[in-house]
Amino acid sequence: MATVDDCDVTMDPEMEILSDEELEREAESFKEQGNAYYIKKDYSEAFNYYTKAIDMCPKNASYYGNRAATLMMLSRHREALEDSQQAVRLDDTFMKGHLREGKCHLSLGNAMAASRCFHRVLELEPDNSQAQQEVKNADSVLEYEKMAEIGFEKHDFRMVVFCMDRALESASACHRFKVLKAECLAMLGRYPEAQSVASDILRMDATNGDALYVRGLCLYYEDCIDKAVQFFVQALRMAPDHEKARLACRNAKALKAKKEDGNKAFKDGNYDAAYELYSEALTIDPNNIKTNAKLFCNRGTVGSKLKKIDQAIEDCTKAVKLDETYIKAYLRRAQCYMDKEEYDEAVRDYEKVYQTEKTKEHKHLLKNAQLELKKSKRKDYYKVLGVDKDATEDEIKKAYRKRALMHHPDRHSSASAEIQKEEEKKFKEVGEAFTVLSDPKKKSRYDSGHDLEDDTGNMGDFDANNIFKAFFGGGGGQGYSFEANQSSGPGNFFFQFG
């Protein structure tokens with residue numbers, strides 16, 4: 001091995017002939033130039049001259065202290081900490097060195113170490129107001145750390161963000177605080193803010209596993225699962241023991257697989273299996289709001305296929321509670337309301353959709369729901385006769401015959417006055433229904449939602465008895481009565497024209 005004597009070291013000729021005194025003068029000159037640049041806020045040049053001063057006199061504590069101050073202004077706090085520590089190693093009574101070391105510790109989030117440094121300053125200078133204030137700042141950071149820890153355990157993420165914002169006012173370079181804030185922003189669904197904080201950290205430290213985890217977490221919660229897994233894997237490369245990244249990676253893969261299995265079962269028409277798979281996927285990670293919103297909506301779609309309309313509505317409601325901008329869930333729920341003939345609710349959902357996305361399709365859906373709502377507020381003549389909306393002419397006649405005989409006043413002549421009044425009302429409604437549904441033009445206008453009274457006058461003025469006689473072939477003025485058919489058993493009647 002070559003010794004120092006064996007090495008061909010080229011020395012600066014001027015350095016060889018400078019005395020210690022001359023070196024000190026040269027170093028002081030560099031320091032003064034550094035001070036001038038520092039005053040002008042040209043911190044890069046100030047750093048260069050302080051470095052030259054240190055090269056000349058590496059045992060001078062003040063030079064390290066000055067360079068530390070410059071590094072702090074350049075936001076290079078870890079390097080500034082090293083210079084401050086070197087300064088106080090050279091001179092333990094160097095008050096500014098201890099003060100700057102404490103500030104670096106505090107900026108980096110180590111409030112306990114900072115507090116020790118500030119107390120050392122107060123030992124050297126008990127009335128130092130700056131150190132007194134910094135002790136208070138360090139104590140505040142420690143208090144906010146404790147509050148944030150409690151808040152995180154209670155899942156009070158807003159409290160954690162508040163505490164970290166306050167702590168970062170003093171600990172501006174603390175990546176640990178920033179990552180915790182970013183993680184809680186992600187848990188609150190404030191993904192762009194969380195991404196921004198994590199990206200700022202990664203620009204300074206591309207290997208920060210916590211920041212990589214938060215980037216992945218944001219993507220995961222925004223349902224970009226494949227990209228999220230990439231960040232989780234990268235975080236684990238940087239920090240193999242990162243349990244949060246490991247768990248999130250496992251959940252992301254499981255959630256994606258289960259959701260895809262559910263989608264496949266649905267496409268294959270295996271609705272029971274799809275319903276079960278979506279239900280299982282919903283148990284994987286309750287915190288993944290966007291993905292869970294999609295899963296609830298998917299399960300709602302399956303529920304409607306299985307004729308579980310109420311369950312489908314409940315699932316869609318859960319989806320929009322998780323993501324109030326989720327148009328597909330509103331549309332699915334609105335259709336379920338239409339199927340249940342709950343038109344007020346359907347109109348409300350379609351209005352929400354149309355306000356968000358003013359497309360022709362959404363406008364058509366809203367108008368159709370509004371029409372059905374308008375129609376639902378009239379008498380439902382199909383229900384009055386007990387027929388479907390696509391009933392034939394013969395089916396309408398048969399239904400009228402049955403209902404007219406059932407509610408004819410003569411049939412209930414021996415009943416109480418209250419029952420007689422109710423049956424007379426129903427008899428009249430049956431006549432109204434038949435008058436409209438047996439006339440193709442009136443039926444068409446009724447089906448399209450038009451108000452028939454605008455065209456035909458007050459429907460309530462017509463005589464239901466005339467409709468009845470005309471239908472059964474009775475002439476004007478002929479009487480008709482209901483008599484008990486003794487051979488048919490109680491409750492049976494036959495109609496007899498007089």
**Item:** Residue pairs, two or more places apart or on separate chains, that pass salt bridge (charged side-chain N to carboxylate O under 4.0 Å, His left out) and touch residues 136-161
**Value:**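 Found Glu145-Arg176.
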**Message:** According to salt bridge (charged side-chain N to carboxylate O under 4.0 Å, His left out), does anything in residues 279-291 pair up with another residue at least two apart or in another chain? List the pairs.
**Reply:**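 Residue pairs passing salt bridge (charged side-chain N to carboxylate O under 4.0 Å, His left out), neighbours aside: Lys258-Glu280.
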Below 4.0 angstrom, N of the basic side chain to O of the carboxylate: do [X] and [Y] qualify?
| X | Y | answer |
| --- | --- | --- |
| Lys294 | Asp223 | yes |
| Asp268 | Lys264 | yes |
| Lys398 | Asp394 | no |

Is the cationic atom of [X] (NZ for Lys, CZ for Arg) positioned less than 6.0 Å from the six-membered ring centroid of [Y] and within 45 degrees of its normal?
| X | Y | result |
| --- | --- | --- |
| Arg246 | Phe232 | no |
| Lys375 | Tyr446 | no |
| Lys358 | Tyr354 | yes |

**Message:** Does the plane of the ring in Tyr400 sit parallel, tilted or perpendicular to the ring in Phe434? Use 30° and 60° as the thresholds.
**Reply:**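 Ring orientation, 0 to 90° scale: parallel.
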**Message:** Testing Met187, Met159, Glu183 one by one against Phe152 for a side-chain contact (heavy atoms from CB on, under 4.5 Å), which residue passes?
**Reply:**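 Result: among Met187, Met159, Glu183, Glu183 is the only option passing the side-chain contact (heavy atoms from CB on, under 4.5 Å) with Phe152.
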**Item:** Any residue meeting ring pair (Phe, Tyr, Trp, His ring centres under 6.0 Å) with His364, in chain and number order, not counting sequence neighbours
**Value:**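 His364 satisfies ring pair (Phe, Tyr, Trp, His ring centres under 6.0 Å) with no residue once adjacent residues are dropped.
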**Message:** Could you check whether Phe157 and His155 have their ring centres less than 6.0 Å apart?
**Reply:**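 So the answer is yes for these two rings.
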